[in-house]
Amino acid sequence: MTTTGEEHATARGGPWWWTRWRSAVLDAGLAAGSAAECGAEGVRFAHDAGVPAAVGVVFGVLAGSTLVVRRKWPIAVVLVSIAITPAQMGYLMGIVGLYTLAASELPRRIIGSLAGMSFLGMLIVMFVRVKQDTQRGTWELGDWFVPFASITTAVGMTAPPVLLGMYVGARRRLMESLRERADSLERELQLLAERAEERAEWARGEERTRIAREMHDVVAHRVSLMVVHAAALQAVARKDPEKAVKNAALVGDMGRQALTELREMLGVLRSGDGVGTRERSAVPLVAVGVAAAAAASRVVDDEGGAEGPCLSDVDELLGQSAAAGMAVDLSVEGETRSYAAEIEQTAYRVVQEALTNVHKHAAGAKTHVRLAHRVSEIAMQVENEPPPEPASASAARLPSGGNGLVGMRERVLALGGVFVSGPTDAGGFRVSAVIPAV
C-alpha cells in the first residue's frame, strides 16, 4: 500500500525531534561511537596540551556526544567538529555532520560556507601534522608529499559526505514532491468522483422527469378523450344507438392509438434506442437514460423511422376534440412555415395539453386556439369560455394530477420561451406560450 504525504507527515512515533525510534537509535549509536573516538583521541590531546588525561577524555566525550543532535542542529555539529579539528579529533563527527548538513533544507550558501570551513581546517591540520611527521624523520619522502597528502585527506574527508548528502537530500525532496502530487491527485480524483456522482444523480432525475412528461403528453390526451366518449356513450346508448355505435368506434380507435404510442415508447425505453443487450451492459446508466429519454421524446413509426408530432397535426388534434363534443375553432396568423422538430413538437404538446385540461375541467366549453407565425418566434394561445353547465366539468370524473401546466412550462422554458397561464375575467382559462424560432 502506498503511503501518501499526509500519512507520512503524521506517522511520527519517535521521541523529541525524531520521527521514528529507529532514527533515534541510529543517532544515539553514532554519538556513542563519536564520543568513544574523541575520548580516545583526547588522551593524546591532553598529553600535548600538558593537562591531565582525564580532562582530555571528558572533553573528547562531551564534544563527540554532540553528534546526537545532528538532525535538530546540523550547523552546531559541524561547527563543533571544525572547532576540535586542531586537536586532531572528531573525524567521525565531521563526516556525519557534513552529510547531515548537505542533506538538510538549509540554503546552499550556508552548506557551502561550512563545507569550505571544514575543508580549510582539515587542510591546515593535516598540513601541519604531515609536515611535523616529515621533520621528525618518520617518513622519508620529498617536499611534494606534504601538500599532496594534506589536500587528498581534506578532500576525502569533506567531498564524499557533502556530495552524498546533497544526493540524498535531493532524492528526499523529490519523494516529498511526489507524495504531495499524489495527495493532490487523490483529492482531485475524489472531487471529480463526487461531482460525477452529483451530475449522474441530477441526470437521472432529469431523465425521470422527462420520461414522465413524455408519457403524460402521449397518453393522457387520448385517454381523456376516451373517458369523455365513454361517458357520452353511456348517456346515448339507449336513446340513439347509431350515435352510440359511432362513439364506441371512436373510443376503440383512440384506445388503439394510445396503446400503440405507449407500446412504441416502452419499446424504445427497453431497447435503449437500438443498443443491444450485450452493449447496454457496458454502457453507463446515465448514457442509457439520456439515449432512452431522447428516443422517448419522439413517436417511432412502424418502419423504425422517427416521426414526432408537428404543427400540421393540430387540425387532427382539434378534430378529435370536436368529435368528443368540444366546440373548438382554430385561427392562424402569419405565413405558415416549418420549424425545428423540437419547436414544433413543443408547440403541439402545449396545444394538446391545454385541450386536455379543457376536457377535464370545462367540458362543453367553447375553446379558441390561435397560432401566430412571427418573424423570429411562434406564439400559441388556447382559451376556453366558461362551461355552459358547471356540473358538466366533472361529469366524466377525469382525474387530474396537476402536472399538465408544469410540464408545459418546463417544455417552453427549456427552449428559452415564455409561458403564461391563468383564469380569464370572463370565467374561462387561458394558456399562452411564445417560443423563439431561431
| task | Tell me, with the steps shown, if Gln352 and Val314 meet side chain to side chain contact (heavy atoms under 4.5 Å, CB included). | result | CA-CA 8 Å; Gln352 182 187 53; Val314 172; over 6 Å; no

| field | Worked verdict on Glu383 versus Thr367 for side chain to side chain contact (heavy atoms under 4.5 Å, CB included) | value | CA-CA 6 Å; Glu383 180 179 350; Thr367 305; over 6 Å; no

| said: Before you tell me yes or no, could you show the steps for Arg370 and Val332 under side chain to side chain contact (heavy atoms under 4.5 Å, CB included), namely the whole-Å CA-CA distance, both residues' side-chain angles and the distance that decides it to 0.1 Å? | reply: CA-CA 6 Å; Arg370 300 181 180 87; Val332 181; over 6 Å; no

| Please walk me through it: do Met408 and Leu405 pass side chain to side chain contact (heavy atoms under 4.5 Å, CB included)? | CA-CA 5 Å; Met408 285 189 286; Leu405 294 177; 3.3 Å; yes

| query | Can you check salt bridge (Lys or Arg N to Asp or Glu O under 4.0 Å) on Glu342 and Arg349, steps first, answer last? | reply | CA-CA 10 Å; Glu342 190 174 14; Arg349 295 300 189 194; over 6 Å; no

| request: Please lay out, stage by stage, how Glu176 and Arg173 fare under the test salt bridge (Lys or Arg N to Asp or Glu O under 4.0 Å). | output: CA-CA 5 Å; Glu176 290 295 333; Arg173 287 187 290 272; over 6 Å; no

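Within the 4.5 Å cutoff, the side chain of Asp313 has heavy atoms near those of the Tyr348 side chain. Ile84 is not listed as a side-chain neighbour of Phe45, based on a closest heavy-atom distance of 4.5 Å or more. Looking at Met380 and Ile435, their side chains come closer than 4.5 Å, going by heavy atoms from C-beta outward. At a threshold of 4.5 Å between non-hydrogen side-chain atoms, the residues Arg22 and Leu26 do not count as touching. Contact check for His359 versus Ser321: side-chain heavy atoms found under the 4.5 Å cut-off. Counting heavy atoms from C-beta on, the side chains of Pro107 and Ile110 come closer than 4.5 Å. Looking at heavy atoms from C-beta onward, Ile95 lies in side-chain contact with Met157 at the 4.5 angstrom threshold. A 4.5 Å side-chain heavy-atom check between Met326 and Leu355 finds at least one atom pair inside the cut-off.
The heavy-atom pair separating Pro436 from Ile343 by the smallest distance is O-CD1, 3.4 Å. Nearest heavy atoms, His373 versus Tyr339: ND1-OH, 2.7 Å. Nearest heavy atom pair, residue Gln88 against residue Glu41, reads O-OE1, 3.2 Å. Nearest approach of Val358 to Ala365, heavy atoms of both residues: CG1-O, 4.5 Å. Counting all heavy atoms, side chain and backbone alike, Ser104 lies closest to Leu101 at OG-O, 2.6 Å. Between Ser34 and Leu92 the shortest heavy-atom distance is N-CD2, 3.7 Å.
Although no hydrogens or angles enter the test, the distance criterion places a donor-acceptor pair under 3.5 Å between the side chain of Glu344 and the main chain of Leu311. Side-chain atoms of Ser23 never come within 3.5 Å of backbone atoms of Thr19 as a donor-acceptor pair (strictly under, hydrogens ignored). At distances below 3.5 Å, at least one donor-acceptor pair connects side-chain atoms of Ser81 with backbone N or O atoms of Val78. No donor-acceptor pair under 3.5 Å is formed between the side chain of Ser118 and the backbone N or O of Leu114. With hydrogens and angles ignored, the 3.5 Å screen pairs no side-chain donor or acceptor of Ser184 with any backbone N or O of Glu180. When atom types are taken as modelled, the side chain of Thr152 and the backbone of Ala149 share no donor-acceptor pair closer than 3.5 angstrom.
Once rounded to the nearest 0.5 Å, the distance linking CD1 of Ile378 with OG1 of Thr336 reads 9.0 Å. Atom CE in Met175 sits 11.5 Å away from atom CZ in Arg172 (nearest 0.5 Å). Separating the CE atom in Met126 from the NZ atom in Lys131 is a distance of 14.5 Å, to the nearest 0.5 Å. If you take CG on Leu178 and CG on Leu185, they are separated by 12.0 Å, rounding to the nearest 0.5 Å. Rounding to the nearest 0.5 Å places CD of Glu206 at 14.5 Å from CZ of Arg199. Between the CG atom of Leu98 and the CD1 atom of Ile82 there is a distance of 7.0 Å, given to the nearest 0.5 Å.
Surrounding CZ of Arg108 are more than 12 heavy atoms belonging to other residues, nucleotides or ligands, all under 6.0 Å away.
A salt bridge does not link Glu198 with Arg195: none of the charged nitrogens is closer than 4.0 Å to a carboxylate oxygen.
Side chain to side chain, Arg187 and Gln190 fail the donor-acceptor criterion of an N or O pair below 3.5 Å.
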Result block: side-chain N/O donor-acceptor pairs under 3.5 angstrom for residues 409-421, not counting sequence neighbours:
{"residue": "Glu410", "atom": "OE1", "partner": "Arg213", "partner atom": "NH1", "Å": "2.5"}
{"residue": "Arg411", "atom": "NE", "partner": "Asp217", "partner atom": "OD2", "Å": "2.7"}
{"residue": "Arg411", "atom": "NH2", "partner": "Glu214", "partner atom": "OE1", "Å": "3.4"}
{"residue": "Arg411", "atom": "NH2", "partner": "Glu214", "partner atom": "OE2", "Å": "2.9"}
{"residue": "Arg411", "atom": "NH2", "partner": "Asp217", "partner atom": "OD2", "Å": "2.7"}

Below 3.5 Å, can you tabulate the donor-acceptor pairs from side chains in residues 58-76 to any protein atom, sequence neighbours excluded?
{"residue": "Ser65", "atom": "OG", "partner": "Val61", "partner atom": "O", "Å": "2.6"}
{"residue": "Thr66", "atom": "OG1", "partner": "Ala63", "partner atom": "O", "Å": "2.6"}
{"residue": "Arg70", "atom": "NE", "partner": "Asp27", "partner atom": "OD1", "Å": "2.8"}
{"residue": "Arg70", "atom": "NH1", "partner": "Thr100", "partner atom": "OG1", "Å": "2.6"}
{"residue": "Arg70", "atom": "NH2", "partner": "Asp27", "partner atom": "OD1", "Å": "3.0"}
{"residue": "Arg71", "atom": "NE", "partner": "Asp27", "partner atom": "OD1", "Å": "3.3"}
{"residue": "Arg71", "atom": "NE", "partner": "Asp27", "partner atom": "OD2", "Å": "2.7"}

